Amino acid sequence: MLSEPRAGRLAAWGNALIAHMVSPDDAAVAIVGHDAVHRVEGLPGEDAPVGLTLALGRLRALGASGLRVALPAPGHPLGLSGPPEFNARALEAEEAVICEGAALGLVPEVYEAGPEGDVHVEVVWHCLPVREAPPADVPSLGEAERELAEALRDATEVLTRLDVAGSGPVAEAAVAAYRARAERSSGREVLAPGYPPRAVRVLELAQRVGMLVSLASENGHGGAVSASEMAARGDALRPVERVARRAQVAAYNSVVVERPE
C-alpha cells in the first residue's frame with residue numbers, strides 16, 4: 001500500500017483549493033509532488049488532456065463541492081460508489097478520487113519516461129462518470145482510530161505468540177528501512193490546510209501502519225518456518241492492512257464526508 005497515495009494528495013489539496021485556503025498553483029504543485037507532471041484526460045468540455053490547474057478550476061465550475069478518496073482492493077471496494085466501469089478502473093489502479101456534486105471520478109494511470117538513469121514519472125488522471133451514492137465501507141475518524149489501535153494490538157499478540165515477527169539480517173534491514181522512511185516523513189505536511197488535527201493524527205498512524213505491513217510482506221515470512229505459521233502470519237497482517245486503508249480514506253474524506261460517531 002502506498003504510504004501517500006496520489007489520490008490522497010489530489011483530494012486533500014483539491015479540497016483546500018475548493019475551500020479557498022490555497023491558490024490553484026500551490027495546490028497543483030503539492031499534488032504533483034515528486035512526479036514530473038500530472039494531466040487530466042476526458043474532462044467535460046476539453047478535447048485533449050489539460051494541466052491540473054485548469055482541471056481543478058473546471059471541476060469546481062462543473063459543481064464539485066469536495067473530493068473524496070477511494071482505496072479499493074480485491075473484494076473490498078473501499079470508498080467506491082459505482083458504476084461498475086469506474087469501479088473496475090479504480091480497482092486496477094488501487095486508488096481513485098470522486099468529485100462530490102459533479103458525478104465525476106478520477107483514476108490515475110502512471111507512466112515512467114526518460115532514459116535509464118534519468119527516469120521520471122508522469123501521471124494521467126482519467127475523468128469518468130460516477131454514481132452519486134454513499135461510498136462503500138468508509139468509517140468515521142473515531143471508528144478508524146479505534147480500529148487501528150485494536151488491529152495493531154491483535155496482530156502483535158498473534159505474531160508474538162507465534163514467534164514469527166522475524167529476526168536476523170533480513171528482518172533487521174526491514175526495521176531499519178521502516179525507521180528511515182518514518183524519519184523522512186517526520187515533520188512533513190501530511191494533509192492540506194483545513195483538515196482537523198484528528199484527521200492528521202489518524203492519517204499519520206495509518207500511513208506508518210501500512211508502511212510497516214508492506215515491509216513485513218516484502219521481506220519474506222519472518223521467523224515463520226512452517227506452512228501453518230506462514231498462513232497465521234498472513235492472517236494476522238491482512239486485517240491490519242485493511243484497517244489502515246480504511247483509516248486513510250476516513251482521514252482524507254473527513255472534510256467532505258461527515259459521519260456520526
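Nothing here was measured: the structure is a model prediction, and the numbers come from that model.
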Any [X] side-chain heavy atom under 4.5 Å of [Y] side chain:
X	Y	answer
P24	L17	yes
L203	Q248	yes
H38	V124	no
L62	P44	yes
V97	W125	yes
L52	V40	yes
V121	Y111	no

message: Salt bridge check, R245 against E241: does any charged N sit closer than 4.0 Å to a carboxylate O?
response: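 Salt bridge present between E241 and R245.
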task: Ignoring hydrogens and angles, state whether a donor on the side chain of Y252 or N15 is under 3.5 Å from an acceptor on the partner side chain.
output: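 Not at all, the side chains of Y252 and N15 share no donor-acceptor pair under 3.5 Å.
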task: Say whether H126 and E109, considering side chains only, have a donor N or O and an acceptor N or O under 3.5 Å apart.
output: yes
For residues [X] and [Y], report the shortest heavy-atom separation together with the two atoms involved.
X	Y	answer
A27	V22	CB-CG2, 4.0 Å
A144	A250	CB-CB, 4.0 Å
P135	R68	CB-NH1, 3.1 Å
A7	A96	CB-O, 3.5 Å

Rounded to the nearest 0.5 Å, what's the gap from [atom1] on [X] to [atom2] on [Y]? Could you check?
X	Y	atom1	atom2	value
D47	E41	CG	CD	11.5 Å
C127	L104	SG	CG	4.5 Å
E4	L191	CD	CG	9.0 Å
L80	R89	CG	CZ	13.5 Å
E95	L78	CD	CG	12.0 Å

side-chain hydrogen bond (donor to acceptor under 3.5 Å, both in side chains) pairs, two or more places apart, involving residues 55-66: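 Every side-chain hydrogen bond (donor to acceptor under 3.5 Å, both in side chains) pair that includes a residue of residues 55-66, provided the two are not neighbours, is E46-R58.
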Only distances under 3.5 Å count here; give the side-chain donor-acceptor pairs of residues 81-88 to other protein atoms, sequence neighbours excluded, each with its distance to 0.1 Å.
{"unit_1": "S81", "atom_1": "OG", "unit_2": "R131", "atom_2": "O", "d": "2.9"}
{"unit_1": "N87", "atom_1": "OD1", "unit_2": "G82", "atom_2": "N", "d": "3.2"}

- request: Decide yes or no on side chain to side chain contact (heavy atoms under 4.5 Å, CB included) for D35 and R6, but give the supporting numbers first.
  value: CA-CA 10 Å; D35 299 332; R6 290 180 174 88; 2.8 Å; yes
task: Decide whether L91 and L106 are clustered together by the hydrophobic rule: side chain heavy atoms of Ile, Leu, Val, Met, Phe, Trp, Tyr closer than 4.5 Å, transitively.
output: no
message: Hydrophobic clusters here meaning ILVMFWY residues chained together by side-chain heavy-atom distances under 4.5 Å, can you tell me if V255 and V200 are in one?
response: yes
When you measure from the side chain of [X] to the backbone of [Y], do you find a donor-acceptor pair of N or O atoms at a distance under 3.5 Å?
X	Y	answer
E147	V243	no
R246	D137	yes
Q207	E204	no
E94	L71	no
N253	V69	yes

message: Let's go through E145 and R201 carefully: what are the C-alpha distance in whole Å and the side-chain angles of both, what is the deciding distance for salt bridge (charged side-chain N to carboxylate O under 4.0 Å, His left out) to 0.1 Å, and is it a yes or a no?
response: CA-CA 9 Å; E145 202 166 26; R201 184 171 69 245; 2.7 Å; yes
- request: Take L67 and I18 through the side chain to side chain contact (heavy atoms under 4.5 Å, CB included) test and state the conclusion after the steps.
  value: CA-CA 9 Å; L67 306 178; I18 290 170; 4.3 Å; yes
Working for side chain to side chain contact (heavy atoms under 4.5 Å, CB included), residues R39 and E122: CA-CA 8 Å; R39 297 184 181 88; E122 300 180 358; 4.1 Å; yes
message: With side chain to side chain contact (heavy atoms under 4.5 Å, CB included) as the criterion, how do L59 and L43 come out once you've worked through the C-alpha distance, each side chain's angles and the decisive distance to 0.1 Å?
response: CA-CA 8 Å; L59 289 172; L43 197 63; 3.7 Å; yes
